[in-house]
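Comments concern the structure below.
Along the sequence shown, the residues carry numbers beginning at 1. Remember, predicted model here, so these are calculated numbers, not experimental data.
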Amino acid sequence: MGIIPLVVLREVEKSYRIGKVEVPALRGITLEVEEGEFTSVMGPSGSGKSTLLNIIGCLDHPGRGTYILGGREVNGLGDAALAAIRNRMLGFVFQSFHLLPRMTARQNVELPLVYRGVPPRKRRLLADEALAAVGLEAEAGRRPTELSGGQQQRVAIARALVGEPALLLADEPTGNLDSRTGDELMDLFSRLNRERGITILQVTHDERMARHSRRVVRLQDGQVVSDGPPDGHPAPAAGASTDRTPGSGQEG
């Protein structure tokens with residue numbers, strides 16, 4: 001029997017009710033992410049990217065289908081169990097950095113460890129190691145307002161990494177950055193993926209940023225329409241089968 005992928009989605013559907021109208025966001029998504037992959041999810045506005053990320057991040061429940069994370073079925077788990085999974089298995093990086101302005105970079109990075117009950121001395125050590133991993137050890141005592149946008153996002157990445165998550169989820173992580181800083185951030189992601197084997201799944205609308213990943217999953221109208229290497233390989237048209245997700249319910 002082979003190794004179970006880190007993320008397994010089987011025929012996942014999700015709809016939202018707006019007034020009396022039910023709006024489908026995901027239509028039978030089947031997807032697997034192996035440990036150590038660096039994957040970008042792309043698609044036009046309304047394609048289901050954020051909904052997919054929220055379900056994988058245990059921030060939302062699928063309406064139908066199966067979600068397995070690290071070999072454990074997530075469907076039906078209560079809020080406390082989902083919060084524990086988010087704290088211990090997942091790291092999050094958002095477009096808006098979500099740093100607490102009155103705390104130093106080190107204190108912001110320590111926050112996930114506070115919730116775990118890690119003692120102060122060990123928290124400081126682990127936070128400093130995480131900041132060093134993103135090249136910000138010298139800025140540990142500075143507050144977010146004293147840092148550039150790129151540095152603030154690096155602090156957010158350090159915070160996401162400090163608990164050694166199984167999966168790093170990034171939602172438009174370069175959306176508030178200029179292109180050069182965005183490229184530097186993607187180089188950092190690539191290095192963390194390559195040298196530390198960290199599994200990364202990012203949502204992005206930027207083709208340039210997606211080229212840094214090893215795999216691009218494209219969504220359209222809540223379905224996977226292509227799945228393969230980044231640019232340089234033409235994406236199948238909507239309705240075509242994919243390399244990675246046979247039987248994933250793609251329809252024209």
Side-chain angles (χ1 to χ4, degrees), residues 3-14 16 25-26 29 31-39 41 48-100 103 105-131 133-134 153 155-173 189 192-193 196-203:
I3 298 174
I4 298 174
L6 179 59
V7 171
V8 178
L9 300 173
R10 293 281 182 259
E11 296 296 330
V12 167
E13 299 180 7
K14 182 69 180 181
Y16 296 100
L26 299 179
I29 295 285
L31 181 70
E32 294 183 357
V33 177
E34 305 282 348
E35 287 189 19
E37 284 193 7
F38 181 5
T39 300
V41 177
K49 305 186 301 296
S50 294
T51 300
L52 178 63
L53 194 75
N54 286 341
I55 287 175
I56 293 174
C58 297
L59 298 169
D60 202 353
H61 298 270
R64 292 181 181 177
T66 301
Y67 173 31
I68 299 170
L69 176 63
R72 180 183 184 185
E73 188 167 342
V74 176
N75 306 51
L77 293 179
D79 290 343
L82 292 174
I85 288 174
R86 289 194 297 270
N87 184 256
R88 296 189 176 275
M89 291 192 67
L90 303 173
F92 295 90
V93 179
F94 300 99
Q95 179 175 343
S96 298
F97 317 125
H98 295 309
L99 302 176
L100 298 181
M103 288 187 169
R106 179 187 292 117
Q107 290 168 332
N108 271 281
V109 173
E110 286 181 352
L111 274 177
L113 304 178
V114 173
Y115 298 134
R116 288 192 192 183
V118 176
R121 182 176 294 181
K122 186 173 182 181
R123 285 202 309 262
R124 182 186 178 101
L125 175 63
L126 292 173
D128 286 347
E129 289 177 351
L131 286 167
V134 300
Q153 191 62 295
V155 173
I157 293 169
R159 181 182 58 194
L161 295 175
V162 72
E164 298 185 342
L167 176 63
L168 180 65
L169 297 170
D171 188 2
E172 299 283 4
F189 271 14
L192 292 169
N193 172 254
R196 296 189 169 210
I198 295 169
T199 309
I200 301 172
L201 181 70
Q202 73 163 346
V203 163

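With a 4.5 Å cut-off on side-chain heavy atoms, V7 and T199 do not count as touching. Using a 4.5 Å heavy-atom threshold, the side chains of L168 and L201 count as separate. Contact check for L192 versus L161: side-chain heavy atoms found under the 4.5 Å cut-off.
Qualifying salt bridge (Lys or Arg N to Asp or Glu O under 4.0 Å) partners for D171, counting only residues two or more places apart in sequence or in other chains: none. With sequence neighbours excluded, no residue satisfies salt bridge (Lys or Arg N to Asp or Glu O under 4.0 Å) with R124.
Smallest separation of non-hydrogen atoms from L6 and A166: CD2-O, 3.4 Å. Across all their heavy atoms, C58 and V74 have their closest contact at SG-CG1, 3.9 Å. Minimum interatomic distance between T51 and A25 (heavy atoms only, all atoms of both residues): OG1-CB, 3.8 Å. Taking every heavy atom of both residues into account, G36 and N193 meet most closely at O-ND2, 3.0 Å. Here the closest heavy-atom approach between residue F97 and residue R159 is recorded as O-NH2, 2.9 Å. Closest approach of K14 and G63 over heavy atoms only: CD-N, 3.9 Å.
For the atom pair NZ of K49 and CD of Q202, the computed distance is 12.0 Å after rounding to the nearest 0.5 Å. Note: R10 CZ to L31 CG = 9.0 Å, rounded to the nearest 0.5 Å. Note: E37 CD to I200 CD1 = 11.5 Å, rounded to the nearest 0.5 Å. Taking CD from E32 and OG1 from T39, the interatomic distance works out to 12.0 Å, rounded to the nearest 0.5 Å. Between the CG atom in L169 and the CG atom in L52 there is a gap of 9.5 Å [rounded to 0.5 Å].
Remark: Y16 OH is packed, more than 12 non-hydrogen atoms of other residues, nucleotides or ligands lying under 6.0 Å away. The number of heavy-atom neighbours closer than 6.0 Å to CD of E129, taken from other residues, nucleotides and ligands shown, is above 12.
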L167 vs M89, side chain to side chain contact (heavy atoms under 4.5 Å, CB included): CA-CA, chis, key distance, verdict
CA-CA 6 Å; L167 176 63; M89 291 192 67; over 6 Å; no
Check step by step if side chain to side chain contact (heavy atoms under 4.5 Å, CB included) holds for L100 and L111.
CA-CA 10 Å; L100 298 181; L111 274 177; 3.6 Å; yes
Would you sort out whether I56 and L9 count as a side chain to side chain contact (heavy atoms under 4.5 Å, CB included), showing the intermediate values?
CA-CA 9 Å; I56 293 174; L9 300 173; 4.2 Å; yes
Evaluate the criterion side chain to side chain contact (heavy atoms under 4.5 Å, CB included) for residue pair I55 and L26; output intermediate values, then yes/no.
CA-CA 10 Å; I55 287 175; L26 299 179; 3.7 Å; yes
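Of the possible donor and acceptor atoms, none in the side chain of N54 sits under 3.5 Å from a partner among the backbone N and O of L59.
Listed by first and then second residue, the side-chain hydrogen bond (donor to acceptor under 3.5 Å, both in side chains) pairs involving residues 62-91 are N87-R116 (not counting sequence neighbours).
No salt bridge links K122 with E110; every basic N to acidic carboxylate O contact stays at or beyond 4.0 Å.
The aromatic rings of F92 and F94 lie parallel to each other, with less than 30° between the two planes, well short of the 60° mark.
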